[in-house]
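Every value quoted in this text rests on a predicted model; they were computed, and no experiment measured them. Here is how names work: the chains are called A, B, and so on, in the same order as the sequence lines, proteins then strands, and each is numbered from 1.
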Number of protein chains: 4
Amino acid sequence: MAKRIPSAPEPARERSGPRRNEASRRAILTAAFALVGEVGYARLTIEGIAARAGVGKQTIYRWWPSKGAVLFDAFLALAEDGDGDPALPDTGSLEADLRLVLRATVAELVDPRYDRPMRALSAAMLNDSGLAAEYEQRLEAPMRELKRARLASARDAGELPADVDLDLAIDLLWSPLQSRWLAGGELTPAFADAVVETVLAGLRGS
Amino acid sequence: MAKRIPSAPEPARERSGPRRNEASRRAILTAAFALVGEVGYARLTIEGIAARAGVGKQTIYRWWPSKGAVLFDAFLALAEDGDGDPALPDTGSLEADLRLVLRATVAELVDPRYDRPMRALSAAMLNDSGLAAEYEQRLEAPMRELKRARLASARDAGELPADVDLDLAIDLLWSPLQSRWLAGGELTPAFADAVVETVLAGLRGS
Amino acid sequence: MAKRIPSAPEPARERSGPRRNEASRRAILTAAFALVGEVGYARLTIEGIAARAGVGKQTIYRWWPSKGAVLFDAFLALAEDGDGDPALPDTGSLEADLRLVLRATVAELVDPRYDRPMRALSAAMLNDSGLAAEYEQRLEAPMRELKRARLASARDAGELPADVDLDLAIDLLWSPLQSRWLAGGELTPAFADAVVETVLAGLRGS
Amino acid sequence: MAKRIPSAPEPARERSGPRRNEASRRAILTAAFALVGEVGYARLTIEGIAARAGVGKQTIYRWWPSKGAVLFDAFLALAEDGDGDPALPDTGSLEADLRLVLRATVAELVDPRYDRPMRALSAAMLNDSGLAAEYEQRLEAPMRELKRARLASARDAGELPADVDLDLAIDLLWSPLQSRWLAGGELTPAFADAVVETVLAGLRGS
DNA sequence: GCTTAATCGAGACGGTACGTCGTGTCTTTTC
DNA sequence: GAAAAGACACGACGTACCGTCTCGATTAAGC
């Protein structure tokens with residue numbers, strides 16, 4: 001969920017007009033992330049974020065349209081601070097690589113440090129389509145492109161049929177994890193392995 | 001989550017004490033469902049429901065612990081008003097039946113009458129684990145049992161391997177639909193067909 | 001300035017609709033009066049009054065349209081708590097009686113307990129004509145009637161000419177005190193005496 | 001109350017340091033006067049003045065300590081633009097001259113162009129004793145001196161007793177007008193005449 | 001049928017947070 | 001260096017809802 005976003009490296013706001021205070025911006029994102037982990041999305045308030053960040057409320061309202069947007073930027077900042085290697089592993093064995101990646105995804109979803117904030121962001125997006133669209137564009141689409149690239153590589157190597165539907169494949173592989181996470185069901189590495197095995201069989205044999 | 005009202009098969013009152021007004025109850029659920037469709041979950045308020053239903057706020061607080069719970073009951077009432085035939089079709093062809101059922105699911109998810117309320121309920125559950133647990137118990141588990149029964153029937157008929165993991169199969173089949181719905185992506189009957197075909201191939205060949 | 005207002009003894013709000021909390025009302029008026037004495041009108045805030053009174057802000061906004069109106073009611077309450085004798089003294093000597101009354105007025109205007117609140121109320125009325133009108137009707141007019149009655153009594157007793165302009169007389173007698181008080185000039189009993197002596201001479205000799 | 005601008009007779013700058021922009025200063029005073037006439041003192045804001053004057057807020061804060069001070073200077077500028085003849089008329093008849101002057105005062109107080117700004121300034125001074133002191137010193141005292149001079153001239157001419165209290169006389173003459181203006185009562189030339197007649201009678205006969 | 005106790009519509013209450021406005025200070029850029 | 005511009009921390013505004021708490025007025029149960 002957080003690998004490194006190549007797109008839009010610096011929105012270029014160093015122009016004359018808005019002389020934004022970078023320290024305040026970071027304090028706000030940090031406070032928002034911390035607070036949502038402590039109290040959850042429903043009890044996350046702009047006032048609370050401002051107080052924790054040592055910032056006036058107006059400074060938040062000036063730059064973000066909603067608490068969901070603040071939360072989203074907090075995620076974005078986290079993702080951009082992440083590793084600089086944006087590619088999925090490609091050892092030659094698709095099945096082995098997918099097992100690795102899906103097990104890592106499971107580990108992340110289960111990590112209590114990320115569970116609450118991610119649930120909060122999901123809740124925010126569920127009823128704010130603008131936010132959902134921005135998430136899709138800024139985080140989901142780049143990630144999907146990496147996945148597609150890995151699967152295309154496997155297809156070119158003959159591990160998958162030439163006419164395989166890559167987007168369908170991605171959905172079949174990752175959505176079961178997301179779904180179980182949302183439902184609060186048990187999410188284990190073994191489950192990830194089973195998904196990989198079954199879906200790859202289906203894709204090859206279809 | 002206390003003081004839940006009895007589910008459909010028990011229209012009588014719990015005990016002698018509370019003489020609950022059934023008309024008010026229905027008005028509240030109807031108002032909640034309508035309002036959430038109009039303004040979304042974030043702007044749904046107890047006061048708004050009470051006003052729309054022509055009811056005192058206390059009448060809501062007396063019987064439900066949160067607006068999420070009201071919403072949940074509104075769904076429950078809807079579900080109980082629905083079909084009297086709880087079983088999935090079993091024509092002998094698993095693939096044909098699943099196509100039918102998944103296409104129906106797609107149609108429902110796409111229907112604007114249900115989209116907003118369902119997103120709202122999802123948002124409510126995302127940050128209220130008690131609500132999520134009750135949803136799981138009252139709506140999800142029974143539905144899952146029906147799905148499991150149909151797949152077991154197919155397994156017994158030889159359409160699936162004897163050692164097939166039914167829960168995995170259910171997740172592989174339905175989660176891609178839910179996932180796309182959540183993400184706001186395009187959700188078509190053709191997608192449902194592709195999921196059925198590929199997953200069944202995987203299950204048979206694994 | 002505070003003698004006892006005969007008009008409107010109980011606005012009769014004991015009807016069914018608004019069940020107003022009398023304890024909160026008194027707490028608000030008390031807090032407003034105390035606070036305006038401590039910080040002045042400019043720094044008097046609704047939030048401050050609410051906090052001091054141990055009351056929600058909405059309870060103030062529900063019953064008063066502005067902080068000036070709260071202040072006005074605080075004065076009204078004070079005036080109504082005052083003595084039950086609404087008449088000005090009538091010993092037979094107009095000059096002696098006026099000296100007494102104007103000296104009392106001077107004493108009140110100079111009293112630091114009343115100076116700040118009265119300045120505050122004056123400031124509120126200066127830019128709120130509605131408030132000024134209510135002040136005129138509820139406090140000023142009744143007081144003026146008492147003054148007029150005493151002067152009429154003196155006229156009937158032959159102490160003033162038969163064609164004396166009573167309203168002019170009242171203005172000539174009391175406005176110099178108010179004027180000096182507003183300007184922050186020195187306000188002494190001797191000044192009151194001089195005003196009485198000169199104005200009475202003018203009224204008699206005109 | 002620091003950093004006051006120089007009064008009329010010294011148009012040059014105070015010292016070499018501050019190179020004050022005279023155009024901005026006038027724009028600020030004009031804007032303040034206009035705005036207070038439009039929205040009243042309570043809704044007069046520094047930001048509003050700055051915006052209307054096309055000036056940065058800091059330019060106001062640099063030279064004035066409060067919005068009341070700006071308003072006061074606006075009045076001062078107005079007064080200094082006024083007549084070059086500072087003396088009250090002296091035709092030989094005190095009564096005729098006072099009638100003239102008080103009728104002029106009435107006309108000014110009734111003029112809607114001046115009513116609002118003057119109420120605003122009064123409100124500002126009511127709760128800012130520093131401002132009141134400056135008003136007293138810069139506008140009230142000089143005016144009072146003119147009045148005293150005219151009354152002294154009358155005393156020396158035998159129109160008033162030799163031991164007349166000039167300050168008392170001034171208060172008796174002008175405060176009724178101010179008082180009625182403040183109270184919003186009717187203010188007519190006839191009232192001014194009646195005041196003059198009665199007060200002069202009192203002063204002569206005392 | 002009469003009593004009585006819980007439920008009902010209504011809405012005031014002490015609170016929390018909202019999103020906006022204005023304060024007075026500060027910094028950056030321009031003249 | 002003053003000035004226009006405007007971001008900033010702060011505090012108050014007036015509003016919306018929260019969840020709790022009275023109020024009569026139904027209203028159905030059990031006497």
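Sequence order on DNA chain E of the closest nucleotides to D/Lys67 and C/Gly56 puts C/Gly56 first from the 5' end. Between A/Thr59 and C/Gly48, it is A/Thr59 whose nearest contact on DNA chain F lies nearer the 5' terminus.
Judged by the 6.0 Å distance and 45° axis criteria, A/Arg25 is not positioned over the aromatic ring of A/Trp63. Figure legend: B/Lys67 and B/Tyr41 shown as a cation-pi pair, the cationic atom lying under 6.0 angstrom from the six-membered ring centre and within 45 degrees of its axis.
In this structure, of E/dT25, E/dT20, F/dC18, it is E/dT25 that holds the atom nearest to the side chain of D/Lys57. For D/Arg62, whose side chain is taken as the heavy atoms from C-beta onward, the closest listed nucleotide among F/dC23, F/dA3, E/dC8 is F/dA3. For B/Asn21, whose side chain is taken as the heavy atoms from C-beta onward, the closest listed nucleotide among E/dG14, F/dC8, E/dC8 is E/dC8.
Per the geometry, CD1 belonging to A/Ile60 stands 13 Å off P belonging to E/dT20, to the nearest Å. Between B/Gln58 atom CD and E/dG11 atom P the separation is 15 Å, expressed in whole Å. We find that CZ of D/Arg52 is positioned 17 Å from P of F/dA4, with the value rounded to whole Å. One can place CD1 of D/Ile46 at 14 Å from C1' of E/dC21, the figure rounded to the nearest angstrom. Per the geometry, CD1 belonging to C/Ile49 stands 16 Å off C1' belonging to E/dG14, to the nearest Å. Note: OH (B/Tyr61) to P (F/dC17) measures 11 Å, nearest angstrom. The CZ atom of D/Arg43 sits 16 Å away from the C1' atom of F/dA12 (whole-angstrom rounding). If you measure from atom CD of C/Glu47 to atom C1' of F/dC10, you get 12 Å, rounded to the nearest angstrom.
The shortest distance between the side-chain N/O atoms of A/Ser24 and the OP1/OP2 oxygens of F/dA9 is below 4.0 Å. The side chain of A/Trp64 places no N or O atom within less than 4.0 Å of a non-bridging phosphate oxygen (OP1 or OP2) of E/dG19. Checking the phosphate oxygens (OP1, OP2) of F/dA3, a side-chain nitrogen or oxygen of D/Trp63 falls inside 4.0 Å.
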In sequence, state the C-alpha distance, the side-chain angles, and the governing distance for D/Arg52 and D/Glu38, and then conclude on salt bridge (Lys or Arg N to Asp or Glu O under 4.0 Å).
CA-CA 12 Å; D/Arg52 170 78 73 107; D/Glu38 291 170 19; 2.7 Å; yes

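Note on A/Gly54: only backbone sugar-phosphate atoms sit closer than 4.0 angstrom, heavy atoms only; bases stay farther off.
Side-chain contact between D/Val70 and D/Phe33 is absent, with no heavy-atom pair separated by less than 4.5 Å.
The OG atom of B/Ser122 lies 8.5 Å from the CG atom of A/Asn127; values are rounded to the nearest 0.5 Å.
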